[in-house]
Amino acid sequence: MKDHIIQLLQAAVVHLQSQDVLPKTLDFQIQLTHTKSPEHGDYSSNIAMVLAKACGKNPRELAQKIVNAIAPDDQVKKIDIAGPGFINFFVNAATVVDVISNILQEKERFGFDPSRQSYKINIEFVSCNPTGPLHVGHGRNAATGASIANLLLAIGFKVHREYYVNDAGRQMAILATSVWLRYLQSYGASFTFPSNGYKGDYILEIVDALKQQVDDSLIKPIDEVFLNVPADFDETQNSGDKEAHIDAIVSNTQKLLGQDNYDLVFELTLDSILTDIREDLGEFGVEFDEWFSERELLTSGTQQRVLNKLDQLGHIYEQDGARWFRATDFGDDKDRVLQRKNGQFTYFANDVSYHVFKYERGIDKMIDVFGSDHHGYVPRMQAALKALGYSSELGDILDVVLVQFAILYHGEERVQMSTRSGSFVTLRELRQEVGNDAARFFYVMRKADQHLDFDLDLAKSQSADNPVFYIQYAHARICSVYRQLQEQNIVYDEAAGLAVISQLSSSYEQALFRSLASYKDLIERAALAYEPHRLAQYLRDLAHQFHSYYNAQRFIVENGGEMMQARLVLLSAVKQIMVNCLHILGVSAPERM
RNA sequence: GCGCCCGUAGCUCAGAUGGAUAGAGCGUUGGCCUCCGAAGCCAAAGGUCAGAGGUUCGAAUCCCCUCGGGCGCACCA
């Protein structure tokens, strides 16, 4: 319908141009919006005001000329000119019926545009280091990424969801070493645990698993573990170096265990944590199509290939023994090192390779969902892809969604989190406390790049204050109407209802029609802008409209006839849209509560 | 110091590429159940959109400055 009206306007303007009423050299794009208020009709365009200046006419006069030039159309009931020069379209009731019947026919696929099936979008999210359980910060990234992926799927794109597993590098070595140190302690070894080691309780669980597999066969003399190890940082004397300390222990660990046994500890540790993360996310309704291992990337030699390509293109130079990428040529404010003077590739180099890897699999768009504390990283990544000459029909090849931290509250009181003490709140704890539905909803109900005040007490309260319950309650109420129907042996006749649904005329019904009609537009915009919070907003509005309607209107009446059927059809469409929205947000739609 | 994000009702936040009278929820006050789920609804009060300038027919939205907050500025990952 929207496209149809845009065409009408387009044709009218072109017609006026051909009649020399308007200049032929106009550069314009028709904008059409759903109106906020019913008195402004269903759709509104500002085209007359936009073109007024270029045409040397006042907006209302121009609007009148455009309206006169619009061909009569059986879907348009009335066209008004209002305010400073808006052209408002009132749509025939028949088109409202179309929306309802489309929703009921297409169900969960309503809003799906098959023409987008030819585009593949890769979305990478969570991707946190597998060094421990997910905490509440990762939870917001997970909920946001998953909802964006669902949105893109819902409007027709092919979507590939990916988790980048940072399983190479120093942190993982420290982690594996920490496990082994705890293992030694469990057999009575006595020493001070490194301040920079991983101390969480989850390490002890991994130790148990390790012992089941190897018993005491990996025990080594503790003196040798600390042989030639520089002193750890000492807070009281402000001496020592925690980094050098742990690195030396890691090195000794690798020597003492030997490659095979070290690998055994490493793999068992990694596997244990990844399994935990996978289960955690799975329970949270967050699924991935691929878990991509950083180590796989390193063994494939992609970095060298990428470096060579950038070099050939002239975007690399050497300085101080290191190899630099000319990021400043592509909008970054500093050049960046890809290969250090010791020959090692930087994390950035690995990440560029990873993005090349993704690109070469044949995609039209990559999306990275980052914590917003990494926003400084974005320009260099985009610079690298620009330098490689990547482009896409969908605009930039890489879009980055930044997610701000969630701050937890118990009512007024802020929940303190500290990674250092190991006392951070895990995602699992949060889920257990407030439930998956509330967590998924609360995480995305604010714009992703805005701070989120997450009130745990509110999220688990079973009251009207809690938006999740408010929305789910609306859905359950609709379900309840259909249950009542069955109990009273009244037949629901969709066809009969549809036939007369255009006669529903109360303000409640009109409001619901308008909301349903704008749904397609909503998910399209929300998807393309990567803004799932708009769905949360929409859902609340829709639920409110429904509750108002419910309070004012009795649905099941004896001998209700076709008008009763019409109302039931409307409810059915509302229910379907609620289910669709909730599904995209990863929230359940219970039939009773 | 430089860069990015932000400042909207008492509180938490929406405000689509600039559009019509700036909207919700909570909180406050006052109403609505012999009736399909009151976990609901209705009404009232509450605003110089941080401040000042500019662009525009039109600015919460775009540009400049000031003030106030958050986050980044590694041959770490």
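Below, each value reflects all heavy atoms present in this structure, side chains not excepted, and no hydrogens, waters or symmetry copies. Each chain gets a letter, A, B and so on, in the order its sequence line appears, and its residues count up from 1. Not measured: the values here are computed from a predicted model.
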Nearest to the [X] side chain among [options], which nucleotide is it?
{"X": "Met593(A)", "options": "A39(B), A77(B), G15(B)", "value": "A39(B)"}
{"X": "Ser480(A)", "options": "G37(B), C42(B), A14(B)", "value": "G37(B)"}
{"X": "Arg525(A)", "options": "C35(B), U17(B), A38(B)", "value": "U17(B)"}
{"X": "Thr35(A)", "options": "A20(B), U21(B), G37(B)", "value": "A20(B)"}
{"X": "Tyr473(A)", "options": "A38(B), C36(B), G15(B)", "value": "A38(B)"}
{"X": "Trp324(A)", "options": "C75(B), A16(B), C36(B)", "value": "C75(B)"}
{"X": "Ile556(A)", "options": "G37(B), A77(B), C36(B)", "value": "C36(B)"}

Can you give one letter per nucleotide of nucleotides 54-59 of chain B, going 5' to 3': B for a protein heavy atom under 4.0 Å from the base, S for sugar-phosphate only, - for none? --SB--

My understanding is that only residues two or more places apart in sequence, or in another chain, count here; which of them pass side-chain contact (heavy atoms from CB on, under 4.5 Å) with Pro84(A)?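 Residues passing side-chain contact (heavy atoms from CB on, under 4.5 Å) with Pro84(A): Met49(A), Phe86(A).
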
Ala459(A): which residues meet the side-chain contact (heavy atoms from CB on, under 4.5 Å) condition with it, sequence neighbours left out?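 Here the qualifying residues are Val434(A), Ala438(A), Phe442(A), Phe454(A).
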
Centroid distance below 5.5 Å plus an interplanar angle below 30 degrees: do Phe86(A) and A20(B) meet both conditions?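 Yes; by the centre-distance and plane-angle rule, Phe86(A) counts as stacking on A20(B).
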
Does a side-chain N or O of Tyr470(A) approach OP1 or OP2 of C41(B) to a distance below 4.0 Å, or not?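 Yes, because at least one side-chain N or O of Tyr470(A) sits under 4.0 Å from OP1 or OP2 of C41(B).
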
So, OP1 or OP2 of A74(B): does either fall under 4.0 Å of a side-chain N or O from Thr346(A)?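 Negative; the distance criterion is not met.
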
Dot-bracket for RNA chain B, please. Rules: Watson-Crick or G-U, both distances under 3.5 Å, ( ) within the strand, [ ] when a pair crosses earlier ones, | for another strand, . otherwise. (((((.(..((((.....[...)))).(((((.......))))).....((.((..]....)).))).)))))....

Please list, for nucleotides 22-24 of chain B, all pairs of protein and nucleotide N/O atoms separated by less than 3.5 Å.
none

Restricting both atoms to N or O, compile the protein contacts to nucleotides 1-11 of chain B shorter than 3.5 Å, with distance only.
| from | atom 1 | to | atom 2 | distance (Å) |
| --- | --- | --- | --- | --- |
| G3(B) | N2 | His375(A) | NE2 | 2.7 |

Between [Y] and [X], is there a side-chain donor-acceptor contact under 3.5 Å, judged purely by atom types and distance?
{"X": "Gln553(A)", "Y": "Ser506(A)", "result": "no"}
{"X": "Gln382(A)", "Y": "Asp396(A)", "result": "no"}
{"X": "Gln171(A)", "Y": "Tyr198(A)", "result": "yes"}

Check step by step if side chain to side chain donor-acceptor pair (under 3.5 Å) holds for Ser372(A) and Gln404(A). CA-CA 5 Å; Ser372(A) 64; Gln404(A) 276 280 10; 3.2 Å; yes

Smallest separation among heavy atoms of Thr144(A) and Ala448(A), with atom names: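 For Thr144(A) versus Ala448(A), the nearest heavy atoms are CG2-CB, 4.1 Å.
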
Which residue lies more 5' along RNA chain B, comparing Asn342(A) with Gly376(A) via nearest heavy atoms: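 Going by which nucleotide is closer to the 5' end, it is Gly376(A).
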
